[in-house]
Trainee: 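Sharing a structure below in structure tokens format, with a few things to ask.
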Amino acid sequence: MDLSHIEHSLAQHGAWQGKYREIMLLGKALPAMPDALKTDDALVKGCESKVWLHLDLDEQRQRLILIADSDTRIVKGLLAIILACYNNQLPLEAGKLDAYELFDKLGLIKHLSPSRGNGVRAIVERIHQQLQVLQ
Amino acid sequence: MNDNPCTQIRHDFPIFEVSVDDQPLCYLDSAATTQKPNQVIQAVKDFYQSQNANVHRGLHTLSEQATTAYEAVRRKLAQFLNVQSREIVWTSGATASLNLIAYGLSDSLKKDDVILLSPLEHHANIVPWQLAAKRTGARIELLPVDAQGILQLEQAKALIENLKPKVMSICHASNALGNINDVAALIASSKSSGTVTVIDGAQSLLHLRPDLQQLDCDFYVFSAHKALGPTGLGGLYGRYELLNALPVYQSGGEMIDTVSFSGTTFRPAPEKFEPGTPNIAGVIGFGAALDYLAAQDHDALFQHEQSLYQSLLQQLSGIDGIRIWGDTANNVGTVSFNYKNEHHYDLATLLNTHGIAVRSGHHCTQPLMAHLGIEGTIRASLAFYNNQQDISRFIAALKDTISLLEE
Ligand SMILES: Cc1ncc(COP(=O)(O)O)c(C=O)c1O
């Protein structure tokens, strides 16, 4: 799933129901995380819903592999957007990304209440923390 | 359905003229905080505009006027609850009141004494007691609640007689489910054991207007903002001998008799629990809320709330896959539910796109959610300013949301 495609499909909808429909479709397309990987260590704190995140490096290609899941449809869709942003990036490049800014650009952040917005922020912060460990 | 009392009353609440995200507000979150009538907003504004002065601290005219107005509200509330003025303490809210009481009663608790709570309690009526138990070695026991979230009265009475708790602290109405507990019966059962009874009235003050002499509780706590008043204010009632015997909780000016470095003496209750400059504007605003309520026909408002509640229940039950929690036969007008396995977060987020304000999550009652075996619910809570249109809009939005989720 590439970002310009996501941006385009979200922009099509003026009403929020339509945007959320797109977001939930993105979530549906995201493969479910096997239960064995839904460990306490993988839980992202600071989200209203449950979010699990794993970040790894494909040593050979030096590219990031992220997998994530959530128990809610909407957050799972938001995760799909974040993953589209970070997956397959070089760690150094990924370190410079700011998914929060991306959400702002997609017009999503201002419509997420602080607690929901903080969920996105918490996920992004977790990614960047783990990136630092990689480097 | 008769919407009459509501059509006039709704005009008293300016928030309903505001649009939220370009839609008229459909406010079904009164259990979190109620909306404020013009009279309350005006009273707070008038106070700052033309009466502002500190209380109990000056001989000048404004200070005397402010003090008189401030103390008059204490009398008004005492009358409303059918107790004495000196038994009312102002605090910052129900949370602060429960902390004050739990801290104060710690002095009379010892190892293995029983503090009796219920699984229905708000965290504010759990955590202060856990701290008290930790300080004193007392232990916390729970009243029985069934799988639907209903207190089992007969078993509860037997348990009280059996455990002889030192303290029992129970909500009058559950914030998460709306259940009205028969607290009068629980209090009566505890009399022979000399239990100190504390009633969390955060959800009952507005809907039930309790007569505390009839309830016969020792303490009752509330938040003004859940009963049409301003935020940042609440209070407690305490049976005078018990209240006055509690140790000082926070200290400072205004609550002392004399201060010297060889020793300080405190004023009697309620002053000894009200250090520092109080929330004067809040109290004045709450006075206007009490006047407002006194001018309404309580029975008519209650009937109106109950008929809206019945209509909401009925329409919700008509939707396949809705699971409603709590006691629907005794309720202040709060519906807590889940839809199939859908997450409350998704439901609430999508409902919000229709301008529907409901609460979602654990409602500060995590032990209750664990007891019910769920993570959280959607909670729609009513007040007398709601109308049938709010219910229809909510139901239409919910159906729309469900079909979006099931696409
Ligand atoms: C039953 C109950 N108890 C206590 C509280 C705490 O009230 P406050 O947050 O106003 O102090 C609440 C508020 O939600 C409540 O519903």
Side-chain angles (χ1 to χ4, degrees), chain A residues 9-10 12-30 32-33 35 38 40 43-52 68-82 103 106-123, chain B residues 19-29 32-33 123 176 321 337-366 369-370 373-379 393-407:
Chain A
S9 56
L10 284 177
Q12 278 181 336
H13 300 277
W16 271 93
Q17 283 95 327
K19 284 196 205 293
Y20 282 125
R21 176 183 284 117
E22 290 298 331
I23 290 170
M24 290 191 290
L25 283 174
L26 292 170
K28 260 189 192 157
L30 197 68
M33 185 185 279
D35 281 346
K38 290 180 179 170
D40 282 351
L43 259 183
V44 180
K45 294 213 168 65
C47 298
E48 210 179 303
S49 58
K50 283 200 179 120
V51 170
W52 298 271
D69 206 345
S70 166
D71 58 350
T72 84
R73 294 174 191 268
I74 292 169
V75 175
K76 198 169 175 191
L78 299 175
L79 284 170
I81 299 174
I82 294 174
F103 270 64
L106 295 176
L108 292 175
I109 225 63
K110 67 175 189 281
H111 291 273
L112 302 174
S113 77
S115 55
R116 294 172 202 158
N118 284 339
V120 174
R121 176 155 277 182
I123 295 160
Chain B
S19 53
V20 180
D21 299 332
D22 301 324
Q23 304 180 72
L25 173 64
C26 180
Y27 190 74
L28 299 174
D29 197 17
T33 195
H123 294 164
F337 67 93
N338 293 105
Y339 175 73
K340 294 186 181 163
N341 284 326
E342 294 298 336
H343 200 287
H344 51 79
Y345 174 94
D346 289 327
L347 284 159
T349 304
L350 295 173
L351 284 169
N352 182 51
T353 66
H354 295 269
I356 312 285
V358 290
R359 174 119 185 236
S360 66
H362 55 62
H363 319 296
C364 297
T365 56
Q366 285 181 6
M369 296 298 125
I374 53 180
E375 300 254 336
T377 70
I378 295 284
R379 180 188 74 182
R393 268 187 69 194
F394 170 68
I395 294 291
L398 182 62
K399 286 182 174 163
D400 199 84
T401 293
I402 286 173
S403 62
L404 183 55
L405 286 171
E406 293 190 333
E407 260 178 24

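To find a chain, count down the sequence lines: A is the first, B the second, and so on, and within it residues start at 1. What you see is a predicted model; the values in this text were computed from it and never measured.
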Trainee: Please state whether the side chain, the backbone, both or neither of A:K19 comes within less than 4.5 Å of a heavy atom of chain B.
Mentor: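 For A:K19, neither part sits under 4.5 Å from chain B.
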Trainee: Does the side chain of B:L404 come within less than 4.5 Å of A:M24's, by heavy atoms?
Mentor: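 A:M24 vs B:L404: side chains touch.
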Trainee: May I ask you to check whether over 12 heavy atoms, not counting those of A:K50, lie within 6.0 Å of atom NZ?
Mentor: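 12 or below, so no.
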Trainee: Quick one: pull up CZ in A:R21 and OG1 in B:T353 and give me the separation to the nearest 0.5 Å.
Mentor: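 The CZ atom of A:R21 sits 10.5 Å away from the OG1 atom of B:T353.
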Trainee: For a quick test of reading the model, state the closest non-hydrogen atom pair linking B:E407 to A:K28 and the distance between them.
Mentor: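 What the structure gives for the nearest pair is O-NZ, 2.9 Å.
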Trainee: Can you tell me how far OH of A:Y20 sits from CG of B:N352, rounded to the nearest 0.5 angstrom?
Mentor: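 One finds 7.0 Å between CG of B:N352 and OH of A:Y20.
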Trainee: Just checking B:K340: does its NZ atom have more than 12 heavy atoms from other residues, nucleotides or ligands closer to it than 6.0 angstrom?
Mentor: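 Enclosed.
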Trainee: Check each atom of B:E342 against the heavy atoms of chain A and say whether the ones under 4.5 Å are side chain, backbone, both or neither.
Mentor: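 Side chain only.
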Trainee: Pick from A:V75, A:I74, A:D71: which one makes a side-chain contact (heavy atoms from CB on, under 4.5 Å) with B:D346?
Mentor: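 Going through the options one by one, the only one that passes is A:I74.
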